[in-house]
Amino acid sequence: MAKQSVLTPQAQDFPRWYQDILAKAELAENGPVRGTMVIRPYGYSIWERIQAEIDARIKAAGAKNAYFPLFIPESYLKREAEHVEGFSPELAVVTHAGGEELAEPVVVRPTSETVIGEYMAKWTQSYRDLPLLLNQWANVVRWELRPRLFLRTSEFLWQEGHTAHVDEADAAAYARRIHHDVYNDFLTEVLAIPAQLGIKTARERFAGATNTMTCEGMMGDGKALQMATSHELGQNFARAFDIKFLGDDSVEHLCFTTSWGASSRLVGGLIMGHGDDNGLVVPPRLAPVQVAILAIRDEPDVADAIDVLEAELKGAGIRVEVDRRQGSFGRRVTDWELKGVPVRVEIGPRDLAEGSLTIARRDTSEKITVPVAEAASRVPVLLEEIQASLLTGAIAKRDDRTTDVSSLAEAIEAGQHGFARLPWRLVGPEGEAELNKHTLSVRCLQSPEGGIPDDHDADDLVCIVARSY
RNA sequence: CGGGCUGUGGCGCAGUUUGGUAGCGCGCUGCGUUCGGGACGCAGAGGCCCCGGGUUCAAGUCCCGGCAGCCCGACCA
């Protein structure tokens, strides 16, 4: 049969392609209330893998998981001036419950700095209690005017870390550690998306933070996606919530706090970062299904060979799924392609007669014929090869679409289809406002070598300008 | 919240100009033939035509009023 595209090609209509993929790969759909999202089992299994990888890294960085309530007293939000101001337009507020009007309205958490701050204050008495390193996995609500599944929905899933430290240096070091060892490591090693790390401008900073660090990924259409953020909150929340401790100098001090988060938006980043016209492309280390095995014909010999291979691969710790569905071969192949499964093993009588089977990789569409006996040892190697190749490819693509420019006008031009990089002193707050008028924004500020700058006010900072999600 | 477009079986759409038995493709069910890149035949199921009013013998179609979605702009993980 002639190969026709199942998805709207990216080049034709990228947003449409994105929506097609959500449906065809069975990732998610709209919920009944505008802006809400139903995550389907396959989409959720990807999120669970993201959670597992990030959670392990958070724990390795010493933070412990806890859970704080969904409902927050409205008065809490109001205690930190910039924080309320930043969030009030997107708050969902409960005014009635139990059949009565509430004495004090309750806010559905848009983030938990405030409640957690209240309890940190309780738990922090001595410098010996510090640092206090907490994390929670939760849903949050930020009412959105223009929702896009996974990228911007009124309710989303995330992880939010909250920490308290004895001094600013320790807080800054920890936030930076999380940014590098949790977020950037996950993005690079698992998601295979090379992020631009840097700090946000005052305009783009989190409401109530003294510094916001970001990981900016480049999507298939050249737009930027903020994939994780880490904030230094200074003493702003400590002051508002009385997070104090008695130091080794026997004097009472205010803590310095941080917060950091990554959300289900990462699934959107995965889709747009690696997906192609044939569907999703999931990096092997992330993939909930790393290998799909399918029979070309439903025959006893074939079934036996599949059973053996399945057992071998599972024994090697590989996430395998055998496709035992009835449909035609072409249909089943296309389904696994849409879902982005990195490796497909096809076994048919013709292969088997020669003692071999076919291995196809999703990223390059390349197919190889391998002796049955070698399959189990070849697959793990191939998976790592694919993982590496995805990262290399993503780096090349990003570099290709990143342009060094030397004026605001050039940045406005170059930023339309990729990242524009230029000295921050040529932009500044005024230039930033000008960029905004052209649907562009300063994604982050970096040191001249790239990466998070040590001195936020250095005059040699470089900025990355792009359109963004 | 401004500008444009659209609401019709699960999905994508035609039908609306000119009112007159609700259609097509895909998907779904059954049977059979198939299966090396979205197979084919036959037989079926499935519709408050977004909602509420109005005009008319008769409304998917005309009129009034709502609501929802998509795309483009201002805000955001």
Side-chain angles (χ1 to χ4, degrees), chain A residues 1-8 13-16 18-20 22-24 26 29-30 32-35 85-91 110-111 138-160 183 200 203-207 212 214-217 224-231 259-269 278-279 294-299 302 323 325-338 344-354 356-358 360 365 367 369 433 436-441 467-469:
Chain A
M1 283 295 108
K3 173 141 183 167
Q4 57 186 28
S5 60
V6 176
L7 305 171
T8 304
D13 185 345
F14 198 84
R16 184 70 180 266
Y18 183 79
Q19 287 184 261
D20 284 355
L22 293 173
K24 296 286 173 103
E26 302 178 338
E29 46 196 88
N30 285 312
V33 172
R34 179 179 158 80
E85 201 190 324
F87 278 108
S88 54
E90 24 184 8
L91 291 181
T111 179
N139 57 337
V140 283
V141 168
R142 299 180 187 178
W143 218 253
E144 284 295 342
L145 302 174
R146 232 182 111 187
R148 287 256 264 150
L149 290 180
F150 286 119
L151 300 173
R152 200 188 301 105
T153 47
S154 289
E155 178 192 3
F156 58 90
L157 305 179
W158 80 345
Q159 145 282 312
E160 49 178 323
Y183 299 138
K200 286 292 187 185
R203 189 191 187 91
E204 303 276 337
R205 202 178 282 156
F206 175 74
T212 291
T214 180
C215 294
E216 299 284 325
L225 182 72
Q226 181 173 305
M227 304 189 79
T229 46
S230 310
H231 317 287
S259 69
W260 25 278
S263 72
S264 44
R265 165 179 274 193
L266 285 169
V267 179
N278 293 322
L294 50 167
I296 287 157
R297 279 167 186 275
D298 187 16
E299 292 179 5
V302 173
D323 183 351
R325 291 174 300 169
Q326 288 299 306
S328 72
F329 176 70
R331 162 58 61 116
R332 290 180 292 142
V333 165
T334 308
D335 275 355
W336 291 110
E337 253 174 9
L338 283 165
R344 208 167 58 239
V345 178
E346 303 169 359
I347 306 182
R350 207 146 86 202
D351 279 327
L352 230 42
E354 294 164 19
S356 60
L357 45 73
T358 304
S365 298
K367 282 191 184 187
T369 302
N436 286 177
K437 287 182 195 152
H438 293 83
T439 74
L440 292 164
S441 54
R467 301 212 291 153
S468 70
Y469 280 99

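Quick caveat: nothing in here was measured; it's all calculated off a predicted structure. Numbered from 1 within each chain, the chains take letters A, B, ... in sequence-line order.
For the pair Gln159(A) (side chain) and Ala262(A) (backbone), a donor-acceptor distance under 3.5 Å is present.
Partners of Gln19(A) under the side chain to side chain contact (heavy atoms under 4.5 Å, CB included) rule, at least two apart in sequence or in another chain, do not exist in this structure. Every residue two or more places apart in sequence or in another chain that forms a side chain to side chain contact (heavy atoms under 4.5 Å, CB included) with Asp20(A) is listed here: Leu7(A), Thr8(A), Arg16(A). In this structure Phe206(A) satisfies the ring-ring contact (aromatic ring centres under 6.0 Å, His included) test together with His83(A), Phe87(A), His231(A), sequence neighbours excluded. Considering only residues two or more places apart in sequence or on other chains, Thr334(A) meets the side chain to side chain contact (heavy atoms under 4.5 Å, CB included) condition with Val6(A), Leu338(A). For Glu85(A), the salt bridge (Lys or Arg N to Asp or Glu O under 4.0 Å) test picks out no residue, with sequence neighbours left out. Looking at residues two or more places apart in sequence or on another chain, you find a side chain to side chain contact (heavy atoms under 4.5 Å, CB included) between Lys200(A) and Glu204(A), Thr212(A), Thr214(A), Glu216(A), Gln226(A), Arg443(A). Partners of Glu155(A) under the side chain to side chain donor-acceptor pair (under 3.5 Å) rule, at least two apart in sequence or in another chain, are Asn139(A).
Rounded to whole Å, atom P of G27(B) lies 17 Å from atom CD of Gln326(A). Residue Glu26(A) contributes atom CD, which lies 15 Å from atom P of C11(B) at whole-angstrom precision. Nucleotide G10(B) holds its P atom 16 Å from the CG atom of Asn30(A), rounded to whole Å. Between the CG atom of Asp351(A) and the P atom of G37(B) there is a distance of 12 Å, rounded to whole Å. Between Leu22(A) atom CG and C70(B) atom P there is a gap of 12 Å when expressed in whole angstrom units. Across the protein-nucleic acid pair, Arg325(A) atom CZ and C28(B) atom P stand 11 Å apart, rounded to whole Å.
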Legend entry - Secondary-structure notation, RNA chain B, from Watson-Crick and G-U pairs under 3.5 angstrom (| other strand): (((((((..((((......[..)))).((((((.....)))))).....(((((..]....))))))))))))....
Could you write out each protein N or O paired with an N or O of nucleotides 74-77 of chain B at a distance under 3.5 Å?
residue, atom, partner, partner atom, Å
A74(B), OP1, Asn436(A), O, 3.0
C76(B), O2, Arg152(A), NE, 3.2
C76(B), N3, Arg152(A), NE, 3.4
A77(B), O3', Gln226(A), OE1, 3.4
A77(B), O3', Gln226(A), NE2, 2.0
A77(B), O3', Arg265(A), NH1, 3.4
A77(B), O2', Gln226(A), O, 3.3
A77(B), O2', Arg265(A), NH1, 3.1
A77(B), N6, Thr153(A), N, 3.2
A77(B), N6, Thr153(A), O, 2.7
A77(B), N3, Ser263(A), OG, 3.2

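A distance of about 15 Å separates the P atoms of C49(B) and U21(B), rounded to the whole Å.
Among A39(B), C71(B), G37(B), the nucleotide with an atom closest to any side-chain atom of Pro15(A) is C71(B).
Nucleic acid contact class of Arg344(A) (heavy atoms, under 4.0 Å, all strands): base. Within 4.0 Å (heavy atoms only), Lys367(A) reaches at least one base atom of the nucleic acid. Base contact: Gly348(A) has a heavy atom under 4.0 Å from a base atom.
A cation-pi geometry, defined here as NZ or CZ lying under 6.0 Å from the six-membered ring centre and within 45° of its normal, does not hold between Arg148(A) and Tyr469(A).
Looking at which nucleotide of RNA chain B each of Arg16(A) and Arg332(A) is closest to, the 5′-most match is held by Arg16(A). Across the interface with RNA chain B, nearest-nucleotide mapping of Val333(A) and Arg467(A) shows Val333(A) to be the residue nearer the 5′ end.
Arg331(A) has a side-chain polar atom (N or O) that falls below the 4.0 Å cut-off from OP1 or OP2 of G27(B).
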